[in-house]
Amino acid sequence: ENDDGEINVVPASALCFKNDGRVEDCDVEAIVLGDWACGGIASNNNGVMEDCRFAGTVESGRWFAEDEGEERWAVVNTNTGGICRSNSGLVQNCRNEGTILSGTITDTRHMHYNCGGIVGSIGEGGSVENCENLGCVESPQICGGIAGISRGEIRGCSNAEEIHVK
């Protein structure tokens with residue numbers, strides 16, 4: 001906590017940071033604010049997320065750094081998603097009804113901003129199936145209605161809202 005009473009949360013999520021098990025039948029309405037990256041329900045999913053719904057706002061990239069130096073940057077990717085920010089497991093039968101926003105955290109270092117209505121990034125072996133995005137997605141770089149970037153599989157999903165690269 002700083003002198004102004006603000007807490008600096010680097011990756012943020014409303015329900016859990018990391019799922020290695022099962023998250024099922026969760027209905028989350030929240031405002032999730034992350035300095036770097038964030039997910040509406042979970043930050044990282046390596047297990048199963050099934051029949052979940054997120055409504056509200058997910059906003060990452062709220063912390064902008066000026067002249068921080070090269071040693072400060074430990075990551076080059078920020079992932080933002082309505083259900084989770086990164087997925088190497090299974091996200092199935094989930095729905096995002098929230099607004100998903102990714103901001104710019106630096107203009108001096110190359111970063112990848114991956115933003116999706118369901119997940120920001122799908123890793124190898126990860127899968128998103130039968131999911132629906134009903135929320136607006138906005139990012140400075142890479143964004144999609146279901147996933148910002150995918151190295152896994154997307155099956156039977158739909159997007160019904162606007163996608164903006166700003």
Side-chain angles (χ1 to χ4, degrees), residues 7 9-62 74-103 105 111-139 141-165:
I7 298 173
V9 178
V10 176
S13 55
L15 191 62
C16 67
F17 171 73
K18 184 177 181 183
N19 174 42
D20 286 328
R22 187 171 197 86
V23 175
E24 187 174 11
D25 294 321
C26 292
D27 189 8
V28 176
E29 293 187 23
I31 296 172
V32 180
L33 306 174
D35 285 348
W36 282 59
C38 52
I41 295 175
S43 193
N44 299 328
N45 178 51
N46 298 318
V48 175
M49 296 184 75
E50 184 173 21
D51 298 317
C52 295
R53 175 187 158 275
F54 177 82
T57 302
V58 176
E59 185 178 350
S60 67
R62 293 171 41 85
V75 299
V76 295
N77 294 311
T78 62
N79 299 318
T80 308
I83 303 301
C84 61
R85 73 179 180 95
S86 64
N87 175 48
S88 293
L90 172 63
V91 176
Q92 174 174 286
N93 303 323
C94 293
R95 172 188 275 187
N96 171 53
E97 298 174 2
T99 300
I100 313 303
L101 306 168
S102 175
I105 59 174
M111 297 285 292
H112 295 280
Y113 300 94
N114 306 317
C115 190
I118 303 298
V119 301
S121 174
I122 303 171
E124 288 183 38
S127 181
V128 176
E129 301 176 5
N130 303 315
C131 292
E132 181 178 29
N133 178 51
L134 300 174
C136 180
V137 179
E138 187 174 294
S139 174
Q141 238 179 23
I142 302 165
C143 64
I146 302 303
I149 191 167
S150 176
R151 292 175 189 86
E153 297 182 6
I154 300 172
R155 285 190 224 118
C157 297
S158 64
N159 174 60
E161 192 49 79
E162 295 181 7
I163 309 303
H164 298 277
V165 174

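Please read these numbers as outputs of a predicted model, since none were measured by experiment.
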A.B. asks: Mind checking the CG-SG spacing from Asn133 to Cys157? Nearest 0.5 Å is all I need.
C.D. replies: 10.0 Å
A.B. asks: Hey, is the main chain of Leu15 close enough, under 3.5 Å, to the side chain of Ser13 for a donor-acceptor pair?
C.D. replies: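 No, because the side chain of Ser13 does not come within donor-acceptor range (under 3.5 Å) of the backbone of Leu15.
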A.B. asks: Would you check if there is a donor-acceptor pair between the side chains of Glu59 and Thr57 at a distance under 3.5 Å?
C.D. replies: no
A.B. asks: Please examine the side chains of Cys131 and Val91, heavy atoms only from C-beta on, and report whether any two atoms are closer than 4.5 Å.
C.D. replies: yes
A.B. asks: For Gly135 and Glu161, work out which heavy atoms get closest and say how close.
C.D. replies: C-CG, 3.1 Å
A.B. asks: What's the separation between atom CD1 in Ile163 and atom SG in Cys136, rounded to the nearest 0.5 Å?
C.D. replies: 7.0 Å
A.B. asks: For Arg85, run the side chain to side chain donor-acceptor pair (under 3.5 Å) check against Asn114, Asn44, Thr80 and tell me which one passes.
C.D. replies: Asn44
A.B. asks: Mind checking the OH-CG spacing from Tyr113 to Asn79? Nearest 0.5 Å is all I need.
C.D. replies: 12.0 Å
A.B. asks: Kindly give the heavy-atom pair with the smallest separation between Ala14 and Val28, and that separation in Å.
C.D. replies: CB-CG1, 3.7 Å
A.B. asks: How far does OG1 of Thr99 sit from CD of Glu162, to the nearest 0.5 angstrom?
C.D. replies: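 Between atom OG1 of Thr99 and atom CD of Glu162 there are 11.0 Å.
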A.B. asks: How many angstroms lie between CD1 in Ile83 and CD1 in Ile41, if you round to the nearest 0.5 Å?
C.D. replies: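 Reported value, rounded in 0.5 Å steps: 4.0 Å.
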A.B. asks: By side chain to side chain donor-acceptor pair (under 3.5 Å), which residues pair with Glu132, not counting sequence neighbours?
C.D. replies: Arg95
A.B. asks: What pair of heavy atoms forms the shortest contact from Gly34 to Ala12, and how long is it?
C.D. replies: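 Nearest heavy atoms, Gly34 then Ala12: CA-CB, 4.0 Å.
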A.B. asks: Of the non-hydrogen atoms in Val137 and Cys115, which two are nearest, and what is the gap between them?
C.D. replies: CG1-SG, 3.7 Å
A.B. asks: Over all heavy atoms of both residues, which pair between Val23 and Cys52 is shortest? Give the atoms and the distance, please.
C.D. replies: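 Closest approach of Val23 to Cys52, heavy atoms only: O-SG, 3.8 Å.
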A.B. asks: With rounding to the nearest 0.5 angstrom, report the CG to OG distance, Asn19 to Ser88.
C.D. replies: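 Spacing of CG (Asn19) from OG (Ser88) equals 11.5 Å.
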A.B. asks: Of all the heavy-atom pairs spanning Cys38 and Val58, show the shortest one and how long it is.
C.D. replies: SG-CG1, 3.4 Å
A.B. asks: Evaluate side chain to side chain contact (heavy atoms under 4.5 Å, CB included) for Leu90 paired with Glu129, printing each intermediate quantity in order.
C.D. replies: CA-CA 8 Å; Leu90 172 63; Glu129 301 176 5; 3.8 Å; yes
A.B. asks: Can you establish whether the number of heavy atoms outside Arg151 located under 6.0 Å from its atom CZ is more than 12?
C.D. replies: no
A.B. asks: Can you name the side chain to side chain contact (heavy atoms under 4.5 Å, CB included) partners of Ala55, sequence neighbours left out?
C.D. replies: Glu29, Arg53, Glu97
A.B. asks: So Val48 and Glu24, side chain to side chain contact (heavy atoms under 4.5 Å, CB included) or not? Walk me through it.
C.D. replies: CA-CA 8 Å; Val48 175; Glu24 187 174 11; over 6 Å; no
